[in-house]
Amino acid sequence: MGNAAYLLWGNEGEGLREKSDFVKIITGKMGTGTLNEIWSGYVDPGDLPRSEELAQILEKYVAEDRISFDPAIRVKHSIGMGGADYARILDGGLGRIVDAVIFPNEEEVSNILRSGERSIEIVIYGGGTSVTGGVTPQGKKKYSVSLDTSNLNFLKVDPSNLIIEVGAGVAGPKAEEEATRFGLTLGNFPESFYFSTIGGWISTNAAGQESNRYGRTRDMVIGVKMETPVGGFEDKVTPGESAFFKVADIAVGSEGNFGVVTRAWLRLSPRPGRLYYRTYMFPSFRDGLLSLRRSFSSGIKPMISRLSDDVETSLYLDSAGDSLLVRVFRRYVSARMHGRDGSMLVVVSEKRDDLNFQGGINIGAIPAKYWYRERYLRPLVYNSLLKMGIVAETIETSAKWDLLGEIYDSSRKIFEEIVNDMRINAILMCHASHQYLTGSVLYFTFLFHTEKNREEKLREIRDALLKNIISKGGALSHHHGIGTLQNKFLADYKGSTLSLIRELKNYFDPNGMLGVGSF
C-alpha cells in the first residue's frame, strides 16, 4: 500500500470513534442482516504518471517544494466526502484524478491565476469535506491541478473592532481557538467544523449549527480579498456600505467559480457564558414544525433548535447506549409518549427564555446535552457503515413554513417508491434546523445497501428527491453548495438569473480556468 490514501472521514488514528452498536442498529432498521467489511477505507491508485510538461509549467509560478505529484496526495485531493464519492469507490472506480497538487502562498495564487495558461483547470481544495463533488476534477483542460489552500494561513484578531482577519486555508478550530483567546467566537460550527476551512465556508455560504444566533457565513463576512485570472480584488473593511456591492457579495457562495478567496475579514461575537438545554417530544414531525413556526414567529430564537423526524429520533434514542440509566430514560420517554413514536426537538441556548416551545412534551435536558456533546461525531460513525458497503448521502434545502410539511411528506413517499422499485435496503431520515422567521431548513439523510451499481442508484434517488424539492418550492441547496452533482438543476432553479451568473463567470474567468461543473 505504498501509494494508499486514507479517504474516510477524519484523520486516520486520531480519536476516530466507530461504534459497532450503531452499525447493528442501522443494519437492523434497514433489514440487511449481518454484513461483512468490504472496504478498508484506503485507496491505492498505483503509480500515477507524472507529466514533466506540467511540472515545468507549474514551476514558473509556484515554488518547487510546494508542488506535489505524489499519487496518494493526488487521490486525496480528487475525492470528497459525499455519498457519490464513496459509492464510486465501492463500485471499484475512482473517477478522474488531478495531475498535480499545489500548495501556493498568496503571491503564487495570483501568479498562476494570471498566467494565462490555457492547458490547466484549477480545482480549489480546502478541508476536502465537500459532499457535492466540489473537489472532483472535470477534465475540461489538458491538466487538472488541485490548489490546496493550507498555506493561506494568515490569522489575526482585532478585539477592539470584533474582527478576525484570516487566511482561506485556516481550519475552523484554529480560527475559533484564536478568537477564544479574546473571549470571542466566530459562531460558525458546521458538522464538518474540525476539518473544514474558512475558504470552504465562504465558498458554499456555509451555515453552522448555531446559525439561529450568529447567522450564516454571508452574515459574518465583512470583506474578502479575491485573486482571479483578470486581477486581484479587495474590499474596504467597513461594517456596512451603500456603494453598489462588495467583492464578498460575489465571492460568498460562488464555490470558487469567479476566483480564489485568499483571505477574509469576518465579524466576531462575544462568547456565551452558561448554556441551557431542553428536549421535547412531539406526536409527529409536522407537529414539531408547527411549534417551531409559532415560536420563531413570536420572537423566540434559541441558539440551536433541531427537530428530528420519527426515524432519526428512534435512531438517536437507540444509539445512546444500553446502560441502566439509558434504559430507564427510554422507558420514561415511552411512557410519556404512551408508547407511540414521535419527533424529538433539541433546544440549546444561552437564554433560558428561548427554551419554551408549545405543543410538545418536555422530557428534560439530558438528550439535548448528549446531542450537543456528540454533535460532530455523525460523519465519523458513518465510516463503519461505508466499510460494510452502506452508502450514506445527504440533501438539504430550505423553504417557507407553509411548504415544509409537503416537501417532507412527498420526499418520503418518492424515496419509498424508488427504493421499493430498486429492491434495495434503505432508510430515509430528516431533521429541521437553521430556522428563520420565514421558514426552516430540511436536512435529509438516506442510507442504502446494494452490491452493485451503487453510484447509479444513488444518482437516481438523489435526482428524484431534488426534482421534487425544487418543484415544491424548496431551495436547490441551503449550505452545502451545488458542486458538480447539482449544477444540472441550475437552469430550472435560477431561470434568467443564470445568464447573469454566466456573465460574471466570463468576466472573471474568461478562459475557464477555475471552478467545478459546467453552467
Side-chain angles (χ1 to χ4, degrees), residues 9 19 21-32 82-83 86-87 131 191 209 279-289 292 304-320 330 333 337 340-346 367-368 370-371 374-386 388 390-399 404-420 422 424-434 440-449 457-458 461-462 464-466 468-469 474 478-480:
W9 189 270
K19 300 181 178 180
D21 58 336
F22 180 83
V23 174
K24 292 178 182 178
I25 293 165
I26 287 289
T27 54
K29 290 183 181 297
M30 293 177 66
T32 64
Y86 292 125
V131 294
E191 200 169 61
Q209 295 165 344
T279 318
Y280 294 89
M281 290 292 292
F282 291 89
S284 71
F285 192 61
R286 277 183 175 262
D287 289 322
L289 288 174
L292 284 170
I304 299 171
S305 44
R306 175 180 169 126
L307 174 71
S308 296
D309 71 356
D310 58 332
V311 180
E312 189 172 277
T313 296
S314 174
L315 178 61
Y316 172 84
L317 293 174
D318 289 348
S319 63
R330 285 198 193 102
V333 172
M337 293 295 292
R340 303 185 306 248
D341 291 332
S343 290
M344 183 173 69
L345 173 65
V346 165
Y370 177 80
W371 175 87
E374 304 277 304
R375 60 181 174 154
Y376 300 120
L377 295 182
R378 188 169 80 150
L380 292 176
V381 297
Y382 282 149
N383 287 353
S384 296
L385 301 177
L386 283 166
M388 295 183 180
I390 295 176
V391 179
E393 181 64 306
T394 58
I395 294 175
E396 38 76 44
T397 185
S398 69
L404 294 172
E406 174 59 23
I407 291 174
Y408 172 74
D409 289 340
S410 60
S411 295
R412 286 190 69 163
K413 182 175 183 291
I414 287 171
F415 179 81
E416 291 298 329
E417 290 173 351
I418 292 175
V419 299
N420 285 339
M422 291 180 174
I424 60 175
N425 299 97
I427 57 172
L428 174 76
M429 65 192 85
C430 181
H431 65 258
S433 56
H434 311 289
S440 176
V441 166
L442 292 181
Y443 193 108
F444 293 94
T445 300
F446 63 88
L447 301 96
F448 70 93
H449 178 265
K457 290 181 170 65
L458 173 66
I461 297 169
R462 183 186 181 90
L465 290 174
L466 281 169
N468 176 65
I469 286 168
H478 176 262
H479 57 270
H480 283 173

Side-chain heavy atoms of Tyr86 within contact of Asn383, under 4.5 Å: no
Show the numbers, then the answer: is there a side-chain contact (heavy atoms from CB on, under 4.5 Å) between Leu377 and Trp9? CA-CA 10 Å; Leu377 295 182; Trp9 189 270; over 6 Å; no
Does the side chain of Leu315 come within less than 4.5 Å of Ile25's, by heavy atoms? yes
Non-hydrogen atoms of Leu289 and Ala432 that approach each other most closely: CD2-CB, 3.8 Å
Trp371 versus Thr279: any side-chain heavy-atom pair under 4.5 Å? no
Separation between NE2 (His449) and CG (Leu385), nearest 0.5 Å, reads 10.5 Å
If you compare all heavy atoms of Gly83 against all heavy atoms of Val391, which two are closest, and at what distance to 0.1 Å? O-CG1, 3.7 Å
Are side-chain heavy atoms of Cys430 and Phe285 found at a separation under 4.5 Å? yes
NZ/Lys457 to CD1/Ile424 distance, rounded to the nearest 0.5 angstrom? 6.5 Å
For the pair Met422 and Ile461, evaluate side-chain contact (heavy atoms from CB on, under 4.5 Å) and give the outcome as yes or no after the intermediate values. CA-CA 10 Å; Met422 291 180 174; Ile461 297 169; 3.9 Å; yes
Locate the shortest heavy-atom distance separating Asp310 from Ser343; write the atom from each residue and the value. N-OG, 3.6 Å
Report the C-alpha separation of Glu393 and Leu465 in whole Å, then their side-chain angles, then the decisive distance to 0.1 Å, and conclude whether the side-chain contact (heavy atoms from CB on, under 4.5 Å) test is met. CA-CA 12 Å; Glu393 181 64 306; Leu465 290 174; over 6 Å; no
Are Val419 and Phe448 close enough, and set up right, to give a side-chain contact (heavy atoms from CB on, under 4.5 Å), and what steps lead you there? CA-CA 9 Å; Val419 299; Phe448 70 93; 5.6 Å; no
Shortest non-hydrogen pair, Gln209 vs Ile304, comes out as O-CG1, 3.3 Å
Tell me, do Leu345 and Leu292 make a side-chain contact under 4.5 Å, heavy atoms counted? yes
If you measure only the distance, is there a donor-acceptor pair under 3.5 Å linking the side chains of Thr32 and Asn425? no
Using only atom types and a distance under 3.5 Å, with no angle test, would you say the side chain of Glu312 pairs donor to acceptor with the backbone of Met429? no
Give a yes or no on whether a salt bridge exists between Glu416 and Arg412, defined as a side-chain N under 4.0 angstrom from a carboxylate O. no
Verify, without hydrogens or angle tests, whether Thr313 (side chain) and Ser308 (backbone) share a donor-acceptor contact under 3.5 angstrom. yes
In terms of the angle between their ring planes, are Tyr280 and Phe282 parallel, tilted or perpendicular, with boundaries placed at 30° and 60°? tilted
Quick one, Thr445 and Tyr382 - any side-chain contact, counting heavy atoms below 4.5 Å? yes
So, does Glu396 use its side chain to make a donor-acceptor pair with the main chain of His479 at under 3.5 Å? yes
For residues Val23 and Ile390, determine if any side-chain heavy atom of one lies less than 4.5 Å from a side-chain heavy atom of the other. no
Evaluate the ring planes of Tyr443 and His431, with Trp represented by its six-membered ring, and classify them as parallel (under 30°), tilted (30 to 60°) or perpendicular (over 60°). parallel
Using side-chain hydrogen bond (donor to acceptor under 3.5 Å, both in side chains) as the criterion, list what pairs up with Ser398, not counting sequence neighbours. none
Matching residue for Leu442 among Ile407, Leu307, Asp309 - test: side-chain contact (heavy atoms from CB on, under 4.5 Å): Ile407
Applying side-chain hydrogen bond (donor to acceptor under 3.5 Å, both in side chains), can you list everything that pairs with Lys29, at least two apart in sequence or on another chain? Ser314, Asp318
Check Asn468 against Ser411 and note the closest heavy-atom contact, atom names and distance. ND2-OG, 3.2 Å
Minimum heavy-atom separation for Arg378 to Arg306, with atom names? NH1-NH2, 4.4 Å
